[in-house]
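Nothing fancy with the numbering, it's 1 onward along the sequence.
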Amino acid sequence: MITETEIKKERAILAGLSAASMDARERSTDVSMDELAALVETAGGETAAMLIQQRPSPDPRSFIGDGKVREMKELIEANDCDLAVFDNELSPSQMRVLGEELGVKVLDRSGLILDIFAQRARTREGQLQVELAQYQYLLPRLTGMWTHLVRQTASGGSSPIGTRGPGETQLETDRRHIRRKIQKLEEELSEVRRVRGTQRRRREKNAMPMVCLVGYTNAGKSTLLNCLTGADIPANDRLFDTLDTTTRRLKIDETTEILLSDTVGFIRKLPTHLIEAFKATLEELSYADVLLHVIDLSNPEWEEQARVVDELIVQLGAESTPRLRVYNKCDRYFGILPHGEDVVCISAKSGEGAETLIRKLSEMLGRGKRHVNLVIPYPSAGLLDTLNREAAVLRTEYTEEGIECEAVVSADLFGRVKAFIPGYVEPKEDWE
């Protein structure tokens, strides 16, 4: 008798194609196949076998060619597999042909990632985003998925009993239904964006900087958030452990408190519609004051992973946001550690380097900002309203001389308030 803890894991055979005609980044390699195996494990399955096919170009019908399909079928039968997972994007017709030939469920990389996201999403927003991405993925793949979808209905003639109706295929009906669902989900997500915009404006008014953790999946972002803020976010050694954005407050110096947000991890070959669906969460990146790009230095592929993240940051419109590269797991790296002005090496697990990171973050946020003590005469009291809107006001006191105000101001605002700094003398240039 099988108990709940002994439920059989789905066994998968993995296949990838490295074709000369494909873009180099889309080709399957040993590294991308190992990553696919990790994704299968994250989804709750196990890898029984994997193979990579070399061809000049993908086979239009079966993607990997009939010979390799036969080899896969033999491996599936020999290893009692329930699933075939492809490292590359399959067309709807290729997916249908492979399913018929192999006799098991067929998934491509995008479908597998979507399945993991569906398991992991916890908040209503995360679930909305996953549902939208799933419908966008499903829409072009409807044809041939079920035999009833090609049933023609008509208003007369010799149609079978029970099929007479609006005069369109069931497929077209389902497509319209899915398009309506997509439209409804997009409307709900635009409402989420509107609420986020209101919250963002409130943060800007309160002058609380936003710092976002970004990086490749499993780079250690959640562990770093826990290390810096004392939060208790689950941080496991598996891909896509975090999907829903988590935000915590962090005081980085005497005058500055920030909001630190953990975001979904990036991965190579991330489906385009998934990025689109997650823009409600990821758009925070373009509004952040600083991005902490967390890089797993212990991974031999860290340079390629960092490049993938950099490209996705550009795709999300956040390329102009200041970035601090945080090399994590430095205690497991043997060699010369990366160094530079906007670089810090840490171990999020042990806390090593955390103080240096906070100091560098404080410096980045403080670039161009000035801590000032002002005495504003009552006739100029309108300036206080400007300070409350555009600066971080730390203290306000009303005295006989005027309004005493302590604030942290930007370089632009400093030029407008410096006249109210007691004893302030404009520094002379070298030539004066």
Side-chain angles (χ1 to χ4, degrees), residues 193-214 228-229 247-261 283-293 313 316-324 341-342 344 356-432:
R193 286 195 179 96
R194 190 190 63 76
V195 172
R196 279 185 176 275
T198 304
Q199 293 169 342
R200 191 181 302 113
R201 283 192 294 276
R202 195 174 297 133
R203 281 201 304 269
E204 287 167 355
K205 186 179 177 183
N206 294 338
M208 191 173 285
M210 165 65 87
V211 176
C212 282
L213 293 165
V214 296
L228 295 176
T229 66
T247 304
R248 293 289 183 272
R249 288 180 174 225
L250 172 65
K251 191 161 187 176
I252 58 172
D253 56 39
E254 298 78 15
T255 63
T256 311
E257 189 175 36
I258 66 166
L259 290 171
L260 186 61
S261 276
E283 71 172 354
E284 288 291 312
L285 271 57
S286 57
Y287 292 99
D289 295 277
V290 173
L291 299 180
L292 295 185
H293 180 178
I313 286 171
L316 290 160
E319 66 273 18
S320 59
T321 307
R323 226 174 298 174
L324 182 61
E341 185 185 0
D342 291 335
V344 63
T356 307
L357 170 58
I358 289 174
R359 190 181 70 249
K360 286 218 173 198
L361 184 55
S362 178
E363 287 170 5
M364 283 189 84
L365 289 167
R367 282 175 194 170
K369 291 190 175 178
R370 304 282 286 269
H371 189 170
V372 295
N373 286 289
L374 310 170
V375 177
I376 304 169
Y378 287 109
S380 304
L383 183 62
L384 187 61
D385 184 48
T386 303
L387 287 167
N388 282 321
R389 270 198 330 271
E390 300 179 24
V393 177
L394 308 174
R395 181 181 61 85
T396 306
E397 194 175 327
Y398 293 85
T399 66
E400 289 181 8
E401 288 79 21
I403 306 165
E404 291 185 7
C405 180
E406 183 184 357
V408 177
V409 298
S410 65
D412 290 342
L413 193 53
F414 180 76
R416 290 153 63 187
V417 302
K418 62 186 179 184
F420 302 103
I421 301 173
Y424 177 76
V425 177
E426 194 76 43
K428 289 188 176 183
E429 299 289 345
D430 295 338
W431 52 268
E432 290 186 286

Q) Just wondering, do Asn373 and Arg395 contact through their side chains at under 4.5 Å, heavy atoms? A) yes

Q: Nearest 0.5 Å please: distance from the CG atom of Asp342 over to the NE2 atom of His293.
A: 13.5 Å

Q) How are the rings of Tyr424 and Phe414 set relative to one another: parallel (under 30°), tilted (30 to 60°) or perpendicular (over 60°)? A) perpendicular

Q | Which atom of Ala391 lies closest to which atom of Leu413, heavy atoms considered | A | CB-CD2, 3.8 Å

Q: With rounding to the nearest 0.5 Å, note down the distance linking CZ in Arg248 to CG in Leu259.
A: 11.0 Å

Q) What heavy-atom pair brings Leu361 and Leu324 nearest, and what distance separates the two atoms? A) N-CD2, 4.4 Å

Q.
Taking the side chain as everything from C-beta on, heavy atoms only, tell me whether His371 gets closer than 4.5 Å to Leu394.
A. yes

Q.
Please evaluate residues Val214 and Arg323 with respect to the criterion side-chain contact (heavy atoms from CB on, under 4.5 Å), reporting the C-alpha separation (whole Å), side-chain torsions for both, the decisive distance (0.1 Å), and the verdict.
A. CA-CA 10 Å; Val214 296; Arg323 226 174 298 174; 5.8 Å; no

Q) What distance separates Thr229 OG1 from Lys251 NZ, expressed to the nearest 0.5 Å? A) 15.5 Å

(Q) If you compare all heavy atoms of Ile376 against all heavy atoms of Phe420, which two are closest, and at what distance to 0.1 Å? (A) CA-CD2, 4.3 Å

Q. Looking only at heavy atoms, what is the nearest atom pair of Lys360 and Glu341, with distance?
A. NZ-O, 2.8 Å

Q) Which heavy atom of Ile252 sits nearest a heavy atom of Ile358, and at what distance? A) O-CG2, 3.5 Å

Q) Just how far is it from atom CZ of Arg249 to atom CD1 of Ile258, taken to the nearest 0.5 Å? A) 11.5 Å

Q: Calculate, to the nearest 0.5 Å, the distance between atoms OG1 and CE belonging to Thr247 and Met210 respectively.
A: 5.0 Å

(Q) To check you understand the geometry: which heavy-atom pair defines the closest contact between Pro209 and Asp289, and what is its length? (A) CA-OD2, 3.2 Å

Q: Any chance you could measure Glu406, atom CD, to Glu397, atom CD, to the nearest 0.5 Å?
A: 11.0 Å

Q. Would you say Leu374 and Leu387 make side-chain contact, with heavy atoms under 4.5 Å?
A. yes

